[in-house]
Amino acid sequence: MRSDANRLRFEIGARDGTARAGVIHTAHGPIETPAFIPLATKGSVRGLEGREVAGLGYQLILGNTYHLFVSPGPERIAAAGGLHGFMGWERALITDSGGFQVFSLAHGGVANEVKGSGRSGGEHGSKVEITEEGARFRSYRDGSELFISPEVSMRVQAALGSDIALVFDECTPFHADREYTARSTERTHRWLDRCLEWHQSEGPERQAVFGIVQGGVHEDLRRESAAAIAAAGVDGIAIGGTLGRDKEEMGAVLAMTAPLLPEAAPKHLLGIGEVDDLLGGIALGLDVFDCAVPTRLARHGVALAPVPEKRFRLDLRKGGWAGNREPLVDGCPCPACQHHDRDYVSYLSRAEELTAVRLIVLHNLTYMRELTRHARAAIEAGEFDKYRAAVLAGRSPWDARR
RNA sequence: UCCGGGGUAGCUCAACGGCAGAGCAUUCGACUGUUAAUCGAAGGGUUGUGGGUUCGAAUCCCACCCCCGGAG
């Protein structure tokens, strides 16, 4: 494991069973873990300004190589001082490599899978071609052809200037057979080597690189992959690929995969971020989690709330909120809950007012931050299991340790 | 009072002799490294009323009731 202190340093401050609380030090400041990472796919946490995201307490957000490559392009962002300068974000940035788009564009029609899209849209399948060299895509904007290889991905991420770059991988779908997953995982390992080779000679000095463990739901493949990533010398390690068809299987895949990762490295679970899943990941010793769900649900009128029987969701677009004077969640410190009630926010959401999106995004990101902040405190106090049980039983994060 | 236009789903309107539809609204479902402020599904009708013609009428004919516009 390469450990370049001026690029990235990870300190584990407390342990509670396999869970741990730490700090990832980057060129743009620290990230206290466990941490949730909001997505800023196209250079913005949708609906919010960077200052607001920082104001909520977030120290790391995720931008996407594929989207920013398509538009506005790496040259324009580099000329603006990298993604930090372009979007006015002064804290740490991680960039996804574009690898997930190979999956989502090729397998957009795959349903019933934890890390898949339940939507139709498989017509994209014919438009993605994966070869040893890289992946050929269609631009989501104008359909024009573009090509991303490990070297292209790293070059773009270098131009974006993220603090943490992710290696270019293929996110294998659940419905790929073992044979395909094995071959794909091996190719991802070769891509890893090419990413690191490019980065060592031409990448920014201060930019860290995380490898990505593949192998699907197969224990031996996950084991081989974890070993290959760790041996390659990376600054951190992420779990990618399919995690199974449902939450139960995801739990099993993660329980089997997490112990395979090197202890000293920051561990990132890609794409997972529902309330219960985050707690499960933290319990397994995972440190950072990025996910579209809290922000996407907010845009769809759904607020996170301590209601496990409704999957921690309060759907404000549904009927029945008229006249309800309660805050979205009692005791929540967010602006929506401090100053407004369910009646008003529900009305705004159904009226398609942008203010509703903002209020619920602020709420959901506050909720996720509170969830991880108290998880961290619970780990430091040696009470994580108790905290997790209380949240899963329906306590709010800020009440769960009382 | 006369002339013209119009009354179809909660709303705005299609269908103009052959199984009454759409959009919006409503209700429900989905959303996990964001092509997603999105997508999917369902419920909802004595076609203003009464008669007539026809195998068959929202559609054609007659009468009446309402609404809109114009004329006086």
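A, B, ... follow the sequence lines: proteins, then strands. Residue 1 opens every chain.
A/Q214 comes within 4.0 angstrom of a base, heavy atoms only. Using a 4.0 Å heavy-atom cutoff across all strands shown, A/H268 reaches no nucleic acid atom at all. Here A/I94 lies out of heavy-atom contact (under 4.0 Å) with every strand. When heavy atoms are screened at a 4.0 angstrom cut-off, A/T295 is found touching base atoms of the nucleic acid. Among the atoms of the strands shown, only primed sugar atoms or phosphate atoms (P, OP1, OP2) are found under 4.0 Å from some heavy atom of A/G319. Using a 4.0 Å heavy-atom distance criterion, A/I239 is classed as making no nucleic acid contact. Within the nucleic acid shown, A/R141 has no heavy atom closer than 4.0 Å to any nucleic acid atom.
One finds a side-chain N or O of A/R296 lying less than 4.0 angstrom from the OP1 or OP2 phosphate oxygen of B/rU32. Distances shown here put every side-chain N or O of A/R317 at or beyond 4.0 Å from the OP1 or OP2 atom of B/rC39. Under 4.0 angstrom from either OP1 or OP2 of B/rG33 there lies no side-chain N or O belonging to A/N64. Here A/R313 does not reach the OP1 or OP2 of B/rA30: none of its side-chain N or O atoms lies under 4.0 Å away.
Without hydrogens or angle criteria, A/R155 side chain to A/E202 main chain gives no donor-acceptor distance under 3.5 Å. Distance alone, capped at 3.5 Å, is enough to place a donor-acceptor pair between the A/D16 side chain and the A/E383 backbone. Between the A/S346 side chain and the A/L316 main chain, a donor and an acceptor come within less than 3.5 Å of each other. Under the 3.5 Å distance criterion, the side-chain polar atoms of A/T295 are matched with a main-chain donor or acceptor of A/A292.
No side-chain N or O of A/Q214 forms a donor-acceptor pair with one of A/T188 less than 3.5 Å apart.
Residues A/G241 and A/K42 each lie close to RNA chain B; by heavy-atom proximity, the contact nearer the 5' end of the strand is made by A/G241. Both A/Q101 and A/G273 sit near RNA chain B, but only A/G273 has its closest nucleotide nearer the 5' end.
The side chain of A/I272 lies closest to B/rU32, out of B/rU34, B/rC31, B/rU32.
Taking atom C1' on both nucleotides, B/rG50 is separated from B/rA57 by 15 Å, rounded to a whole Å. Rounded to whole Å, the C1' atom of B/rC66 lies 31 Å from the corresponding atom of B/rG18. Across B/rU27 and B/rA9, the matching C1' atoms stand 15 Å from one another, rounded to whole Å. Between the P atoms of B/rG23 and B/rA41, the separation comes to 10 Å (whole Å). Distance check on atom C1': B/rA25 versus B/rG17 gives 33 Å, rounded to whole Å. To the nearest whole angstrom, the two C1' atoms, one in B/rG70 and one in B/rC61, are 27 Å apart. Spacing between B/rA42 and B/rG33 at atom P, rounded to whole Å, works out to 28 Å. Nucleotides B/rG29 and B/rG48, compared at atom C1', are 38 Å apart to the nearest Å.
Between A/E170 and A/R183 there is no salt bridge, since no side-chain nitrogen of the basic residue lies less than 4.0 Å from a carboxylate oxygen of the acidic one.
One distance of note links CG of A/L93 with CG of A/L83; it measures 5.0 Å at 0.5 Å rounding.
Distance A/F312 CZ to B/rC31 C1': 17 Å, rounded to the nearest Å. Separating the CG atom of A/D315 from the C1' atom of B/rU26 is a distance of 14 Å, rounded to the nearest angstrom. With rounding to whole Å, A/L269 atom CG is found 9 Å from B/rG33 atom C1'. Summarising the geometry, the separation between CG on A/D290 and C1' on B/rU34 is reported as 10 Å, rounded to the nearest angstrom. One can place CG of A/D96 at 11 Å from C1' of B/rU34, the figure rounded to the nearest angstrom. What separates CZ of A/F69 from P of B/rG33 is a distance of 22 Å, to the nearest Å. What separates CG of A/L362 from P of B/rA37 is a distance of 17 Å, to the nearest Å. Rounded to an integer number of Å, the gap from CG of A/L316 to P of B/rU26 is 14 Å.
A/L8 and A/D235 make their closest contact through CD2-O, 3.6 Å (heavy atoms, listed as atom of the first residue, atom of the second, distance).
Helical stems involving RNA chain B, defined as 3 or more consecutive Watson-Crick or G-U pairs under 3.5 Å, span B:1-7 with B:65-71, B:10-13 with B:21-24, B:26-30 with B:38-42, B:48-52 with B:60-64.
Each of A/H25, A/Q207, A/H84 was compared with A/D163 under the side chain to side chain donor-acceptor pair (under 3.5 Å) criterion, and only A/H84 meets it.
Remark: ring of A/H300 stacked against base of B/rU38; centroid gap under 5.5 Å, plane tilt under 30°.
Interface remark: the A/D169 side chain does form a donor-acceptor pair with the B/rG33 base, using a distance-only criterion of under 3.5 Å.
Ring pair A/W321/A/Y344: centre-to-centre distance not below 6.0 Å.
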